[in-house]
S.K.: 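Let me begin by handing over the structure; questions about it come next.
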Amino acid sequence: MLKSLQGKTVIVTGASRGIGKGIARRFGEAGLNVLVVSRSQADADGVAAEIGPNCAGFAADVSTPEGAEAMVRAAVERFGGVDILCANAGIFPAAKLGEMTPADFDHVISTNLKSTFLSVSAVLPEMTRKGEGWIVITSSITGPVTGYPGWSHYGASKAGQLGFMRTAAIELAPKGITVNAVLPGNIFTEGLEGMGADYIASMESSIPLKRLGTAADIANAALFFASQEAAYITGQTITVDGGQILPESPGALAAM
Ligand code: NAP
């Protein structure tokens with residue numbers, strides 16, 4: 001049982017659906033004030049309404065400094081400060097090398113990696129004022145550990161988040177701010193629902209625990225990183241993937 005985080009405030013970027021929605025819901029259940037951020041105000045408001053009165057929606061494009069700064073101002077105005085940032089917003093359009101344009105590459109790096117820098121930069125004044133803060137980045141197994149055709153830009157952005165994290169953790173330690181990352185494997189989100197049972201089954205077959213992850217699985221790891229119990233952990237990663245990265249070959253799975 002983690003010590004209470006009741007009354008603290010978390011900003012969750014990319015929280016209108018998928019993993020971010022699961023993180024927002026979990027932190028809301030734990031009694032925190034939650035700012036749900038996405039580019040769509042209506043979608044962010046919808047999630048906030050589901051979570052409850054301690055939650056508000058805010059529309060911002062976190063790949064821009066203006067968007068990141070506006071979301072922090074909104075959290076301060078609504079809840080009086082920011083204790084925790086979950087930098088989760090991300091996109092994963094596929095494009096293989098030879099087809100991928102420089103604009104495709106820039107778009108993914110800007111949305112996934114630059115947004116992490118911008119969101120962290122935007123919360124810094126508030127966390128510095130408080131003398132404490134918790135930053136949890138949603139990275140991925142793709143990039144830091146594995147590869148997948150069509151996702152060279154995505155993998156670069158997700159590995160880049162970890163490079164950013166390690167130096168940020170050192171720089172921000174004197175301010176009492178920790179920076180850690182969760183690496184999800186294949187998570188069952190709304191985006192996967194339409195892919196069909198065969199596709200889901202083939203994904204599950206490559207995972208030793210034989211199921212896809214849930215947004216709640218990721219949210220629990222994020223909540224741990226934001227807890228007092230994780231106070232002495234910074235610059236670290238938790239892989240939440242049902243053991244997906246472990247088999248050294250398809251034969252290892254077949255031999256289970
Ligand atoms: P998702 O369902 O597509 O949700 C993405 C969220 O990010 C939405 O709320 C979206 O809302 C928001 N968003 C996108 N661009 C934004 C921007 N520029 N500014 C603000 N919000 C923005 O994605 P997901 O699957 O939950 O993935 C969430 C994170 O987990 C990503 O960082 C992804 O790389 C990582 N991840 C996912 C998986 C997986 O299996 N799903 C695995 C590993 C890692 P709007 O479009 O309205 O802005």
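These numbers were taken from a predicted model, which means no experiment stands behind them. Heads up: numbering here begins at 1 and tracks the sequence.
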S.K.: side-chain contact (heavy atoms from CB on, under 4.5 Å) between L35 and T9: does it pass, once the steps are laid out?
M.R.: CA-CA 8 Å; L35 192 73; T9 295; 5.8 Å; no

S.K.: Do the side-chain N and O atoms of S16 and D43 include a donor-acceptor pair separated by under 3.5 angstrom?
M.R.: no

S.K.: At their closest point, which heavy atom of A59 faces which heavy atom of S40, and how far apart are they?
M.R.: CB-C, 4.3 Å

S.K.: Should L97 and S152 count as side-chain neighbours, where that means a heavy-atom distance under 4.5 Å?
M.R.: yes

S.K.: State, with a plain yes or no, whether a side-chain heavy atom of V10 is found less than 4.5 Å away from one of I23.
M.R.: no

S.K.: Look at the side-chain heavy atoms of Ile, Leu, Val, Met, Phe, Trp and Tyr, link any pair under 4.5 Å apart, and say whether F92 and I245 land in one connected group.
M.R.: no

S.K.: Taking all non-hydrogen atoms of both residues into account, name the closest pair between R78 and A56 and its distance.
M.R.: NH1-CB, 3.3 Å

S.K.: Do the non-hydrogen side-chain atoms of I137 and V179 ever get within less than 4.5 Å of each other?
M.R.: yes

S.K.: Are any side-chain N or O atoms of T142 and backbone N or O atoms of G155, one a donor and one an acceptor, separated by less than 3.5 Å?
M.R.: no

S.K.: Work out which heavy atom in L118 is nearest to a heavy atom in P65; give both atom names and the distance.
M.R.: CD1-N, 3.7 Å

S.K.: Do W151 and V108 pass the side-chain contact (heavy atoms from CB on, under 4.5 Å) test, and can you show the C-alpha distance, the side-chain angles, and the key distance before you say yes or no?
M.R.: CA-CA 10 Å; W151 277 351; V108 169; over 6 Å; no

S.K.: Tell me, do L124 and I177 make a side-chain contact under 4.5 Å, heavy atoms counted?
M.R.: yes

S.K.: Rounded at 0.5 Å granularity, tell me how far CD in E69 sits from OG in S119.
M.R.: 10.5 Å

S.K.: What is the distance from atom OH of Y154 to atom CG of N112, rounded to the nearest 0.5 Å?
M.R.: 6.5 Å

S.K.: Quick one: pull up CG in D104 and NE2 in H107 and give me the separation to the nearest 0.5 Å.
M.R.: 8.5 Å

S.K.: When F27 is tested against each of L32, I11, I51 for side chain to side chain contact (heavy atoms under 4.5 Å, CB included), which residue passes?
M.R.: L32

S.K.: State, with a plain yes or no, whether a side-chain heavy atom of L85 is found less than 4.5 Å away from one of T13.
M.R.: yes

S.K.: As an exercise, state the distance from OG of S110 to CG of D61, rounded to the nearest 0.5 Å.
M.R.: 7.5 Å

S.K.: Just verifying a value: how many Å separate M165 CE and L172 CG, rounded to the nearest 0.5 Å?
M.R.: 12.0 Å

